[in-house]
Enquirer: 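Structure incoming, see below.
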2 protein chains.
Amino acid sequence: MTANPSPLALSNQLCFAFYSVSHAFSRAYRQFLDPLGLTYPQYVVLLVLWEQDELTVKEIGDRLFLDSGTLTPLLKRLENAGHIRRARDKKDERQVRISLTETGRALREKAEEIPKQVGCVLGLPVDELRALTEQVAKLRGRLHESASP
Amino acid sequence: MTANPSPLALSNQLCFAFYSVSHAFSRAYRQFLDPLGLTYPQYVVLLVLWEQDELTVKEIGDRLFLDSGTLTPLLKRLENAGHIRRARDKKDERQVRISLTETGRALREKAEEIPKQVGCVLGLPVDELRALTEQVAKLRGRLHESASP
DNA sequence: TACAATTCAATCGCGCGCAATCTATATGCA
DNA sequence: TGCATATAGATTGCGCGCGATTGAATTGTA
């Protein structure tokens with residue numbers, strides 16, 4: 001794979017790099033998330049809610065590029081764990097609004113150490129991390145555009 | 001998420017960027033893989049086999065950072081589709097050796113157009129793609145090292 | 001040669017990701 | 001107002017990823 005010399009396979013290389021690094025990241029986070037009883041996708045949903053509470057399922061999905069097929073069962077698990085509440089919006093009964101419980105809000109402090117610890121193993125200067133993040137987000141944007149023209 | 005100003009959240013940003021871009025890539029590949037009846041992970045396994053046939057499950061797993069729990073059922077599906085054969089190694093009965101069928105080898109030609117088509121939407125110069133791929137692979141290496149010291 | 005330790009693949013269980021479909025609610029328009 | 005259309009979320013089905021365990025084959029070693 002990584003030894004393929006063909007320049008035509010370049011997007012294959014890049015795609016696989018992202019595919020494998022995202023799993024590697026997920027594994028790296030797991031050692032810190034396991035003690036909290038969270039998976040990485042659940043953690044990301046909580047990150048969103050810690051930043052802005054009372055979002056609807058759709059709003060969470062827009063931020064994370066996930067649909068209700070993924071989010072509904074995930075949110076139910078977070079609800080069963082006692083971290084969030086799910087309630088139909090009174091003004092628009094189609095929507096389900098997600099709110100943090102006290103437990104869910106409290107989890108934030110413990111979770112705040114995680115990115116620091118993971119960041120250590122990356123061994124890259126902050127500005128490089130920032131540049132890389134931007135570059136990757138830009139690629140994601142292009143892929144999304146081309147998917148829904 | 002992307003609006004979080006805290007520098008502490010930088011590895012969160014980067015991890016999420018990889019997480020979301022890898023799904024976006026997988027969706028981009030899907031439109032080309034669907035007609036071939038392949039998923040992205042199946043395609044990646046075939047890429048490996050097209051480069052070197054007669055690998056064992058472990059050897060495939062080493063190249064793709066996947067274990068038998070993922071590969072065994074995936075390979076069975078590729079076998080059912082007629083693309084590969086699975087057979088115990090005569091010299092070491094613990095190993096299962098994977099070989100391409102004629103159908104599986106023939107699939108390569110159709111698949112060869114895919115990275116080109118995906119590459120078009122990325123809109124990045126070749127050397128930038130190459131640099132990005134290397135940088136991401138390096139990060140993956142660091143994450144793997146720190147996982148198994 | 002016995003027998004413990006290691007290696008390889010298979011199996012099981014669970015949580016995503018996502019396409020497709022369904023239901024309920026809201027909106028737009030004649 | 002009445003009905004078509006659109007939207008939000010839930011549900012179903014399938015294919016991963018992966019931790020944990022199992023069973024069989026091999027290797028290392030006393």
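Residue numbering restarts at 1 for every chain, and letters A, B, ... go by the order of the sequence lines. Keep in mind it's a predicted model, so treat the numbers as computed, not measured.
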Enquirer: Please produce a list of atom pairs where a protein N or O lies less than 3.5 Å from an N or O of nucleotides 6-9 of chain D.
Expert:
residue	atom	partner	partner atom	Å
D/dT7	O2	A/Arg94	NH1	3.4
D/dG9	OP1	A/Val57	N	3.3
D/dG9	OP1	A/Val96	N	2.9
D/dG9	OP1	A/Val96	O	3.4
D/dG9	OP2	A/Lys58	N	2.7

Enquirer: Where each residue is assigned the nucleotide of DNA chain D containing its nearest heavy atom, which of B/Phe65 and A/Leu75 is assigned the position nearer the 5′ end?
Expert: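 Nearer the 5' end of the strand: A/Leu75.
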Enquirer: Counting any heavy atom closer than 4.0 Å, what does A/Leu71 reach on the DNA or RNA strands: base, sugar-phosphate only, or nothing?
Expert: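 Since no nucleic acid heavy atom lies under 4.0 Å of A/Leu71, the category is nothing.
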Enquirer: What N/O pairs connect the protein and nucleotides 12-14 of chain D at under 3.5 Å? Give each pair on its own line.
Expert:
none

Enquirer: For A/Asp89 and A/Gln95, indicate whether the former's side chain and the latter's backbone hold a donor-acceptor pair under 3.5 Å.
Expert: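 Flag not set: sc A/Asp89 to bb A/Gln95 has no pair under 3.5 Å.
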Enquirer: Check for a donor-acceptor pair, side chain of A/Arg97 on one end and backbone N or O of A/Glu54 on the other, with a separation under 3.5 Å.
Expert: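 Yes, the answer is positive, given that a donor and an acceptor are paired below the 3.5 Å cut-off.
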Enquirer: Could you tell me whether the side chain of A/Glu59 and the main chain of A/Thr56 form a donor-acceptor pair under 3.5 Å?
Expert: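 Looks like yes, one N/O pair under 3.5 Å.
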Enquirer: Over how many whole Å does the gap from A/Arg30 atom CZ to D/dC18 atom C1' extend?
Expert: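 Rounded to whole Å, this separation is 6 Å.
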Enquirer: Measure the distance from CZ on A/Phe18 to C1' on C/dG17 and round it to the nearest whole Å.
Expert: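 In whole Å, C/dG17 C1' and A/Phe18 CZ are 19 Å from each other.
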Enquirer: Name the orientation class of the two ring planes belonging to A/Tyr40 and B/Tyr19 (parallel below 30°, tilted from 30 to 60°, perpendicular beyond 60°).
Expert: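 It falls in the perpendicular class, over 60°.
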Enquirer: Donor-acceptor pair, B/Ser20 side chain versus B/Ala17 backbone, under 3.5 Å?
Expert: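 Pair found, side chain donor or acceptor close to backbone of B/Ala17.
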Enquirer: On DNA chain C, does the nearest nucleotide to A/Lys91 precede the nearest nucleotide to A/Leu74 from the 5' side, or the other way round? Give the residue.
Expert: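 Whichever sits nearer the 5' end wins; that is A/Leu74.
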Enquirer: Below 6.0 angstrom between ring centroids: does that apply to A/Phe32 and A/Tyr29?
Expert: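 For A/Phe32 and A/Tyr29, the ring centres are not under 6.0 Å apart.
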Enquirer: List for me each residue that meets salt bridge (Lys or Arg N to Asp or Glu O under 4.0 Å) alongside A/Glu102, sequence neighbours excluded, and say none if there are none.
Expert: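 Only A/Arg105 meet the salt bridge (Lys or Arg N to Asp or Glu O under 4.0 Å) criterion with A/Glu102.
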Enquirer: Check whether the side chains of B/Arg140 and A/His23 place a donor and an acceptor atom closer than 3.5 Å, and report yes or no.
Expert: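 The answer is no; no qualifying pair exists.
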Enquirer: A/Arg85: which residues meet the salt bridge (Lys or Arg N to Asp or Glu O under 4.0 Å) condition with it, sequence neighbours left out?
Expert: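 Partners of A/Arg85 under the salt bridge (Lys or Arg N to Asp or Glu O under 4.0 Å) test: none.
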Enquirer: Nearest whole angstrom, please: distance from the P of C/dT27 to the CD of A/Glu93.
Expert: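 These atoms are roughly 12 Å apart.
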Enquirer: Please report the distance, rounded to the nearest Å, between CG in B/Asp67 and P in C/dG13.
Expert: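 That distance rounds to 17 Å.
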Enquirer: Give the rounded distance in Å between these two atoms: CG of A/Asp89 and P of C/dA24.
Expert: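 For the pair A/Asp89 CG and C/dA24 P, the rounded distance is 19 Å.
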Enquirer: For the side chain of B/Thr101 and the backbone of B/His83, is there at least one donor-acceptor N/O pair under 3.5 Å apart?
Expert: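 Judged by distance alone, yes, a pair lies under 3.5 Å.
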Enquirer: Atom CD of A/Gln31 and atom C1' of D/dG19: how far apart are they, to the nearest Å?
Expert: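 Nearest whole value for this atom pair: 15 Å.
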Enquirer: Kindly say if A/Lys90 contacts the phosphate of C/dA26, meaning a side-chain N or O under 4.0 Å from OP1 or OP2.
Expert: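 No, no such contact exists.
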Enquirer: In residues 19-28 of chain B, which residues come under 4.0 Å of DNA chain C by heavy atom?
Expert: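 Output list: B/Tyr19, B/His23, B/Arg27.
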Enquirer: Are the side chain of B/Arg88 and the backbone N or O of B/Glu93 linked by a donor-acceptor pair below 3.5 Å?
Expert: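 Yes; judged by distance alone, with no hydrogens or angles, the pair exists.
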Enquirer: Just the rounded figure in Å: distance from P of D/dC16 to OH of B/Tyr43.
Expert: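 The distance from OH of B/Tyr43 to P of D/dC16 comes to 15 Å, rounded to the nearest Å.
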Enquirer: Could you tell me the separation between the CG atom of A/Asn80 and the P atom of C/dC14, rounded to a whole number of Å?
Expert: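 Computing the A/Asn80:CG to C/dC14:P distance gives 14 Å.
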Enquirer: Donor-acceptor pairs are to be reported for all side-chain atoms of residues 41-50 of chain B against protein atoms at under 3.5 Å, with residues two or more places apart or in another chain.
Expert:
residue	atom	partner	partner atom	Å
B/Gln42	OE1	B/Thr39	N	3.3
B/Tyr43	OH	A/Asn12	OD1	3.1
B/Tyr43	OH	A/Asn12	ND2	2.9
B/Trp50	NE1	B/Gly104	O	2.9

Enquirer: Out of C/dC16, D/dG17, C/dA26, which has the shortest distance to the side chain of A/Gln42?
Expert: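 It is C/dC16.
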Enquirer: Select base, sugar-phosphate, or nothing to describe what B/Thr70 touches, counting heavy atoms under 4.0 Å on all strands.
Expert: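 Base contact - B/Thr70 has a heavy atom under 4.0 Å of at least one base atom.
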